[in-house]
Visitor: 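Pasting a structure here, questions to come.
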Amino acid sequence: MNTTDSTDNTTDALVEVVLPGKVEPEGLEVRHGAVPVAGLGQVVIRMEATGISFAEQQMRRGKYYDQPPFPFVPGYDLVGTVLTTGAGVEPGLVGTRVAALVKVGGWASHVLVDAADVVPVPEGIGAAEAETVVVNGITAWQMLHRKARIRAGQTILVHGANGGVGTVLVQLAHAAGVHVIGTASPRHHDTLRDQGVEPIDYRTPDLTAQVRALAPRGVDAVFDHVGGPGIVQSWHLLAPGGTLVSYGSASTRDDEGSKQLPVLKLLGRVWTWNALPNGRHAYFFNVWAGRALSKNRFRAQLRADLTQVFAALQRDEVKPQIAARLPLARVADAMRLAESGTVAGKVVLTP
């Protein structure tokens, strides 16, 4: 672990993790600096919990399709308390626990965010618990309700049902009265059964036959984070009128070459399939879609959907799945754990 000090390391200092380039987890750098100052329409959040999602695992390899140039501070989302507000922001927001989706910048003790992008965290929800359902919860909710438009009584297939998004997706689907088939490695099958999921080994050569045995007419929706050639199998598992939601390319995480190509291939398949006259639908889900066209609409939708997810958390329809909690200084250990495939739920980083 590399450490660089640019100011005295006091309690008021900024602590952040920098990704300097394509490095092993030990190459991540912990740096210290000055706490940012809130400008017009901004707030400074004192981070209480952030996390490691699949996006950061791709970014470390230079494989996330729209990551910024190196070096940068990763961190897709965070939960914390508003420390200061800038001009044009209600001063009463200070002291409020909020969540924010930022794509990068979350792995820091203090994070500068537009006030319009923060969502209040309800009383009674801890920071780490809330962190497990920010990007994962938004992704799961919008895929289920805005893309697949699931209905009670339907059957869906969730690839990686033990993962960060998968665990939330499974629980939200059950809350909506939907039957779930989930793929995962056998070590996670007992846990999935306890959650009411029909588990299937994702490596089994007869996956199609096993899914068809459980859903003879096909499934009403497939949620696929794997991408690659397997996406074709996901498409063929759909029932008439079913929906495929692709939301990643995990199968190409360690591949060399263009970081855009796997996504472009997925988009090409999606466009082709949607042109077929068979009543099925396919989507490539991007949580940031629509932000460039209408920032206000994007923010309103994100706030509404994350509020719904937090409400599900309060009703115990979603139980926070915290795989581990580690401090920012141990980010290398946290990254290795998240990438190991041996844990269920979210690896959470704390200040």
Visitor: Within the side chain of His110, is there an N or O that forms a donor-acceptor pair under 3.5 Å with the backbone of Pro36?
Guide: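 No; zero donor-acceptor contacts below 3.5 Å.
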Visitor: Would you say His174's side chain and His179's backbone share a donor-acceptor pair under 3.5 angstrom?
Guide: no
Visitor: Linking I/L/V/M/F/W/Y whenever their side-chain heavy atoms sit closer than 4.5 Å, directly or via other members, would Trp273 and Tyr247 fall into one cluster?
Guide: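 Trp273 clusters together with Tyr247.
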Visitor: Is there a path of hydrophobic side-chain contacts, each under 4.5 Å between heavy atoms, that joins Val111 and Val73?
Guide: yes
Visitor: Look at the side-chain heavy atoms of Ile, Leu, Val, Met, Phe, Trp and Tyr, link any pair under 4.5 Å apart, and say whether Ile322 and Ile52 land in one connected group.
Guide: no
Visitor: Hydrophobic cluster membership, with links at side-chain heavy-atom distances under 4.5 Å among I/L/V/M/F/W/Y: are Val343 and Leu349 in one?
Guide: yes
Visitor: Restricting to non-hydrogen atoms, name the atom on Val134 and the atom on Ala100 that form the minimum distance, rounded to 0.1 Å.
Guide: CG1-O, 4.1 Å
Visitor: Might you point out which heavy atoms bring Arg203 and Pro186 nearest each other, and give the distance in Å?
Guide: NH2-CD, 3.3 Å
Visitor: Determine whether Thr350 and Glu48 make a side-chain contact, defined as any pair of heavy atoms from C-beta on separated by less than 4.5 Å.
Guide: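 Not touching, per the 4.5 Å side-chain cut-off.
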Visitor: Decide side-chain contact (heavy atoms from CB on, under 4.5 Å) for Leu78 and Val102; before the verdict, give the C-alpha distance in whole Å, the side-chain angles of both, and the deciding distance to 0.1 Å.
Guide: CA-CA 8 Å; Leu78 73 146; Val102 291; 4.0 Å; yes
Visitor: How many angstroms lie between atom CZ of Arg330 and atom CZ of Arg336, to the nearest 0.5 angstrom?
Guide: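 Answer rounded to 0.5 Å: 13.5 Å.
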Visitor: Between Phe284 and Val245, is there a side-chain heavy-atom distance shorter than 4.5 Å?
Guide: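 In short, these two side chains do not touch, never coming nearer than 4.5 Å.
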Visitor: Just verifying a value: how many Å separate Leu313 CG and Gln308 CD, rounded to the nearest 0.5 Å?
Guide: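 If we round to the nearest 0.5 Å, Leu313:CG and Gln308:CD are 13.0 Å apart.
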Visitor: Taking all heavy atoms of Gln57 and all of Ala338, pick out the closest pair and write down the distance.
Guide: NE2-O, 3.7 Å
Visitor: Could you tell me if the side chain of Val318 sits less than 4.5 Å from the side chain of Leu172, heavy atoms only?
Guide: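 When only atoms from C-beta onward are counted, Val318 and Leu172 do touch, with a gap below 4.5 Å.
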Visitor: Tell me if the CZ atom of Arg280 is crowded by more than 12 foreign heavy atoms within 6.0 Å.
Guide: yes
Visitor: Please lay out, stage by stage, how Thr85 and Glu90 fare under the test side-chain hydrogen bond (donor to acceptor under 3.5 Å, both in side chains).
Guide: CA-CA 7 Å; Thr85 60; Glu90 173 56 50; over 6 Å; no
Visitor: Please report the closest heavy-atom contact between Leu207 and Tyr202, naming both atoms and the distance.
Guide: CD1-O, 4.1 Å
Visitor: Sub-3.5 Å donor-acceptor pair from the side chain of Arg269 to the main-chain atoms of Lys265, do we have one?
Guide: no
Visitor: Could you check whether Asp220 pairs with Arg151 (Lys NZ or Arg NE/NH1/NH2 to Asp/Glu carboxylate O, under 4.0 Å)?
Guide: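 Salt bridge between Asp220 and Arg151, a charged N being under 4.0 Å from a carboxylate O: no.
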Visitor: Answer yes if Leu302 and Phe285 sit in the same cluster of Ile, Leu, Val, Met, Phe, Trp and Tyr residues linked by side chain heavy atoms under 4.5 Å apart, and no otherwise.
Guide: yes
Visitor: Atom CD of Glu123 and atom CZ of Arg97: how far apart are they, to the nearest 0.5 Å?
Guide: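 Rounded to the nearest 0.5 Å, the CD-CZ separation comes to 8.5 Å.
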Visitor: Hey, does Val30 have a side-chain heavy atom less than 4.5 Å from the side chain of Leu328?
Guide: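 The answer is no; the side chains never approach within 4.5 Å.
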Visitor: Without placing hydrogens or testing angles, list every side-chain donor-acceptor pair under 3.5 Å for residues 156-165, not counting sequence neighbours.
Guide:
{"unit_1": "His159", "atom_1": "ND1", "unit_2": "Thr183", "atom_2": "OG1", "d": "3.1"}
{"unit_1": "His159", "atom_1": "NE2", "unit_2": "Ser234", "atom_2": "OG", "d": "3.3"}
{"unit_1": "Asn162", "atom_1": "ND2", "unit_2": "His188", "atom_2": "NE2", "d": "3.2"}

Visitor: Does Thr139 use its side chain to pair, donor to acceptor, with the backbone of Asn136 at less than 3.5 Å?
Guide: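 Absent.
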Visitor: Would a distance-only check, ignoring hydrogens and angles, find a side-chain to backbone donor-acceptor pair under 3.5 Å from Gln171 to Lys319?
Guide: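 Yes; at least one donor-acceptor contact below 3.5 Å.
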Visitor: Quick check on side-chain contact (heavy atoms from CB on, under 4.5 Å): which of Val79, Val98, Thr81 does Ile45 satisfy it with?
Guide: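 When side-chain contact (heavy atoms from CB on, under 4.5 Å) is applied between Ile45 and each of Val79, Val98, Thr81, only Val98 qualifies.
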Visitor: Short question: side chain of Arg60, backbone of Val23 - any donor-acceptor pair under 3.5 Å?
Guide: yes
Visitor: Can a side-chain donor-acceptor contact be found between Thr204 and Asp206 if the only test is distance below 3.5 angstrom?
Guide: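 Short answer, yes.
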Visitor: Assess whether salt bridge (charged side-chain N to carboxylate O under 4.0 Å, His left out) is satisfied between Arg146 and Asp305, documenting all intermediate values.
Guide: CA-CA 10 Å; Arg146 294 191 181 272; Asp305 293 346; 2.7 Å; yes
Visitor: Looking at Met59 and Lys103, what are the two nearest heavy atoms and their distance?
Guide: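 Closest pair (atom of Met59, atom of Lys103, distance): CE-O, 3.8 Å.
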Visitor: Which pair of heavy atoms, one from Pro351 and one from Pro327, lies closest together, and at what distance?
Guide: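 In terms of heavy atoms, the two residues are closest at O-CB, 4.2 Å.
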Visitor: Mind running side-chain contact (heavy atoms from CB on, under 4.5 Å) on Glu16 and Ser109 for me, showing each step along the way?
Guide: CA-CA 6 Å; Glu16 61 185 6; Ser109 60; over 6 Å; no
Visitor: What distance do Gln314 atom CD and Glu129 atom CD have between them, rounded to the nearest 0.5 Å?
Guide: 12.5 Å
Visitor: Enter the distance from Asp114:CG to Arg299:CZ here, rounded to the nearest 0.5 Å.
Guide: 5.0 Å
Visitor: Go through the steps for Val348 and Leu326 under the test side-chain contact (heavy atoms from CB on, under 4.5 Å), then give the verdict.
Guide: CA-CA 6 Å; Val348 175; Leu326 293 164; over 6 Å; no
Visitor: Asn286: which residues meet the side-chain hydrogen bond (donor to acceptor under 3.5 Å, both in side chains) condition with it, sequence neighbours left out?
Guide: Tyr65
Visitor: Please check this pair: side chain of Asp77 against backbone of Val135, looking for a donor-acceptor N/O pair closer than 3.5 Å.
Guide: yes
Visitor: Salt bridge or not between Arg61 and Glu339? Use side-chain N to carboxylate O under 4.0 Å.
Guide: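 Glu339 and Arg61: salt-bridged.
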Visitor: Mind checking whether Val222 and Thr243 have side chains closer than 4.5 Å, heavy atoms only?
Guide: no
Visitor: Is there side-chain contact between Asn274 and His281, with at least one heavy-atom pair below 4.5 Å?
Guide: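 Side-chain contact under 4.5 Å: yes.
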Visitor: Do Met143 and Tyr283 make a side-chain contact, defined as non-hydrogen atoms from C-beta onward lying under 4.5 Å apart?
Guide: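 Answer no - side chains too far apart.
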Visitor: Rounded at 0.5 Å granularity, tell me how far NE2 in His145 sits from CD1 in Ile150.
Guide: 4.5 Å
Visitor: Side-chain contact, heavy-atom cut-off 4.5 Å: Thr155 with Val180?
Guide: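 They are not in contact (no side-chain heavy atoms under 4.5 Å apart), so the answer is no.
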Visitor: Please check: side-chain N/O of Glu131 versus main-chain N/O of Ala128, any donor-acceptor pairing under 3.5 Å?
Guide: no
Visitor: Side chain of Gln58, backbone of Ala55: donor and acceptor closer than 3.5 Å?
Guide: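 Looks like no, no N/O pair under 3.5 Å.
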Visitor: Glu56 and Tyr64: side-chain contact (heavy atoms from CB on, under 4.5 Å), yes or no, with the steps?
Guide: CA-CA 8 Å; Glu56 288 93 18; Tyr64 191 74; over 6 Å; no
Visitor: Okay, side chain of Gln301, backbone of Phe298: is any donor-acceptor separation there less than 3.5 Å?
Guide: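 No; zero donor-acceptor contacts below 3.5 Å.
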